[in-house]
Amino acid sequence: MEKIIILDFGSQYTQLIARRVRELNVYCEIHPFNKIPAMDSSVRGVILSGSPYSVRDQVAPRPDLSQIKGKLPLLGVCYGAQYLAYAYGGDVMPAPSREYGRAMLTVGDKDDELMKNLPATTQVWMSHGDTITAVPANYRVLASTEDVRLAAYRIEGERTWAIQFHPEVYHSTDGTQLLKNFVVGICGCAQSWTSESFVESTVRELREKLGDDKVVLGLSGGVDSTVAAVLLHKAIGERLYCIFVDSGLLRKNEFDDVLESYKHMGLNVKGVKAHDRFYGDLAGVSDPERKRKIIGRDFVEVFNDEAQRIKDVRWLAQGTIYPDVIESCSVNGPSATIKSHHNVGGLPEKMHLKIVEPLRLLFKDEVRRVGRSLGISELLIGRHPFPGPGLAIRILGEITPERVAILQEVDKIYIDALRRDGLYDKVWQAGAILLPVKSVGVMGDERTYESCVALRAVTSTDGMTADWVHLPYEFLAGVSNDIINKVKGVNRVVYDISSKPPATIEWE
């Protein structure tokens with residue numbers, strides 16, 4: 001399978017480059033600059049990402065490009081462009097002022113392969129503190145801005161290009177065309193990476209890999225595990241055994257609703273109710289990290305107990321997606337723990353099973369496209385992400401059955417209203433949070449002293465960054481009124497207008 005390799009120098013935009021390339025129906029992979037993969041015949045070209053470092057820093061990334069530069073098509077982006085200048089005889093100096101934001105690019109050589117079909121002037125996005133001040137004689141300038149003479153250049157005699165702006169961000173209005181010029185025009189990629197081709201190749205590979213073995217999978221009702229299950233079922237049929245654990249921390253009626261959905265998909269699913277165990281182990285626990293770890297441990301143990309009832313299982317399937325893979329092999333190793341992730345991380349060692357991850361090459365939006373290709377209902381494919389620990393991390397403070405019931409009612413009113421008013425599909429993720437504070441209120445002629453809930457709604461692509469949604473005031477007023485009137489124990493509703501960063505999407 002033909003591919004583009006992206007070497008990551010730690011930029012926040014690296015995943016965005018990959019997403020833009022894949023939107024062109026070209027497969028690509030991200031690798032740390034210090035773990036360059038073999039440049040076999042499947043590699044059509046290489047992109048060097050940006051970086052938070054200056055090329056002049058002692059600890060700046062310095063990749064070994066001996067197997068790439070001059071041998072394969074190469075595109076340096078921002079830091080990548082500065083490195084290709086600095087490391088091969090040019091010079092890079094601090095810019096007189098940080099070059100950040102929109103700039104107008106003037107194309108000097110419209111006939112160059114990288115510049116084809118770009119207008120004479122086009123808006124680009126700059127984000128760098130250094131700038132290239134000198135390049136070797138065989139480096140030809142292709143485009144400039146008012147402040148950056150060497151905004152784009154090519155190295156004569158080899159298929160190497162470089163740009164000091166970010167074509168992957170939306171602010172670069174012709175960035176997709178420039179990336180297409182490189183990936184399709186220069187690298188010659190066939191644009192055959194589609195959801196249909198992914199399904200076909202993945203099902204074939206799963207059949208070869210799994211043979212006649214049995215596979216067990218933990219379903220959550222979410223998009224990733226559902227698509228993974230349908231792919232596996234398409235490959236091995238009834239040899240896939242799915243387990244859906246109800247921790248008592250799901251949304252109202254979700255356990256029964258999701259099981260009913262799976263019935264119509266032909267999946268072999270067993271539902272396991274484990275409310276009492278989870279509630280008992282969470283009693284008196286308020287610390288969010290302890291909550292996550294208790295829930296993760298209990299899930300592993302409940303899942304393992306059920307899985308052991310199935311004879312001769314050889315494989316554990318997981319809904320791992322590409323951002324998880326990138327996170328585990330990032331430039332600086334796995335990122336610092338902001339929160340423990342609830343997944344089945346403890347299961348492989350405990351159960352002595354081999355792992356199969358049919359979605360590990362895909363971003364979230366690609367998972368959804370594959371799901372649609374598989375004919376999965378839009379009700380499941382379009383579901384908002386829901387945290388693995390469930391409502392436990394949307395209940396600040398102690399978890400009790402009573403507090404869970406309150407939040408389930410609040411959440412249902414909120415989500416149902418989003419669907420009713422046609423707002424659900426315009427929001428990436430929404431939920432309600434039960435706060436550990438009470439406030440004074442008045443209902444009728446009586447004083448109340450009850451709980452406060454916060455509503456949250458964000459837009460995002462993959463959850464790495466997120467903006468709060470400007471829901472209509474009339475909508476929020478109606479939802480607030482419904483919650484306070486219908487949910488006993490709540491007398492105040494607030495709306496969270498924090499973006500990520502600095503806030504996270506979930507509160508715990």
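Excluded from the calculations below are hydrogen atoms, water molecules and symmetry mates; all remaining heavy atoms, backbone and side chain alike, are included.
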Within 6.0 Å of CD in Q191, more than 12 heavy atoms from elsewhere: yes
Quick one: does R159's side chain get under 4.5 Å of L72's, heavy atoms only? no
Sequence neighbours left out, what passes side-chain hydrogen bond (donor to acceptor under 3.5 Å, both in side chains) with S11? Give chain and number order. none
Decide yes or no on side chain to side chain donor-acceptor pair (under 3.5 Å) for R20 and Y170, but give the supporting numbers first. CA-CA 10 Å; R20 295 291 171 262; Y170 286 115; 3.3 Å; yes
Separation between CD (E506) and CZ (R394), nearest 0.5 Å, reads 4.0 Å
With a cut-off of 6.0 Å (strictly less than), are more than 12 heavy atoms of other residues, nucleotides or ligands near NZ of K71? yes
How are the rings of W468 and Y495 set relative to one another: parallel (under 30°), tilted (30 to 60°) or perpendicular (over 60°)? perpendicular
Are side-chain heavy atoms of K234 and V199 found at a separation under 4.5 Å? yes
Any side-chain heavy atom of C28 within less than 4.5 Å of one from R22? yes
Suppose we screen for side chain to side chain contact (heavy atoms under 4.5 Å, CB included). Which residues come up paired with A432, at least two apart in sequence or across chains? L407, V410, L455
Once side chain to side chain contact (heavy atoms under 4.5 Å, CB included) is applied, do any residues pair with A38, and if so which ones, sequence neighbours excluded? none
Among all residues two or more places apart in sequence or in another chain, which pass the side-chain hydrogen bond (donor to acceptor under 3.5 Å, both in side chains) test with D213? W315
Those residues that, when tested against E156, pass side-chain hydrogen bond (donor to acceptor under 3.5 Å, both in side chains) (two or more places apart): R140
Who pairs with F165 by ring-ring contact (aromatic ring centres under 6.0 Å, His included), at least two apart in sequence or on another chain? none
Is the closest side-chain donor-acceptor distance between Y322 and R19 under 3.5 Å? no
Salt bridge (charged side-chain N to carboxylate O under 4.0 Å, His left out) filter on K69, not counting sequence neighbours, yields E158
Is there a donor-acceptor contact under 3.5 Å linking the side chains of T194 and N25? no
Would you say that more than 12 heavy atoms from the other residues, nucleotides or ligands in this model lie under 6.0 Å from the CZ of R314, or not? no
Atom OH of Y153 and atom CG of L142: how far apart are they, to the nearest 0.5 Å? 10.5 Å
Going by the ring-ring contact (aromatic ring centres under 6.0 Å, His included) test, which pairs reach into residues 178-206, not counting sequence neighbours? Y27-W193, W193-F198
With sequence neighbours excluded, residues passing side chain to side chain contact (heavy atoms under 4.5 Å, CB included) with V141: S144, R149, L150
Heavy-atom check, side chain of L250 versus side chain of L391, under 4.5 Å: no
With sequence neighbours excluded, what pairs up with D40 under the side-chain hydrogen bond (donor to acceptor under 3.5 Å, both in side chains) test? S42
Do T122 and T173 have a side chain donor and acceptor closer than 3.5 Å? yes
Could you list the donor-acceptor pairs under 3.5 angstrom formed by side chains in residues 416-423, with sequence neighbours left out?
{"from": "D416", "atom 1": "OD2", "to": "K412", "atom 2": "NZ", "distance (Å)": "2.9"}
{"from": "R419", "atom 1": "NH2", "to": "Y424", "atom 2": "OH", "distance (Å)": "3.4"}

So does D91 pair up with R56, basic N to acidic O under 4.0 Å? yes
Residue list, ring-ring contact (aromatic ring centres under 6.0 Å, His included) with H233, at least two apart or on another chain: none
Which residue, F9, Y53, Y13, Y86, forms the ring pair (Phe, Tyr, Trp, His ring centres under 6.0 Å) with Y79? F9
Side-chain touch L359/L361, heavy atoms, less than 4.5 angstrom: no
Just by distance, no angles: are the side chains of D8 and T14 close enough, under 3.5 Å, to form a donor-acceptor pair? yes
In Å, rounded to the nearest 0.5 Å, how long is the span from OG1 of T202 to CZ of R207? 11.5 Å
Between R251 and E254, is there a side-chain N and carboxylate O pair less than 4.0 Å apart? no
With rounding to the nearest 0.5 angstrom, report the CG to CG distance, L118 to L105. 7.5 Å
Is any NZ, NE, NH1 or NH2 atom of the basic residue among D111 and K116 found under 4.0 Å from an Asp or Glu carboxylate oxygen of the other? no
Heavy-atom distance under 4.5 Å between the side chains of F33 and S51, does that happen here? no
Can a salt bridge be assigned to the pair E2 and R44 using a cut-off of 4.0 Å between side-chain N and carboxylate O? yes
Heavy-atom side-chain proximity of L16 to H166 below 4.5 angstrom: no
Counting only heavy atoms not in R290 (residues, nucleotides, ligands), do more than 12 fall under 6.0 Å from its CZ? no
Side chain proximity check, Q164 to T131, heavy atoms < 4.5 angstrom: yes
So, Y139 side chain and L84 main chain: donor-acceptor pair closer than 3.5 Å or not? yes
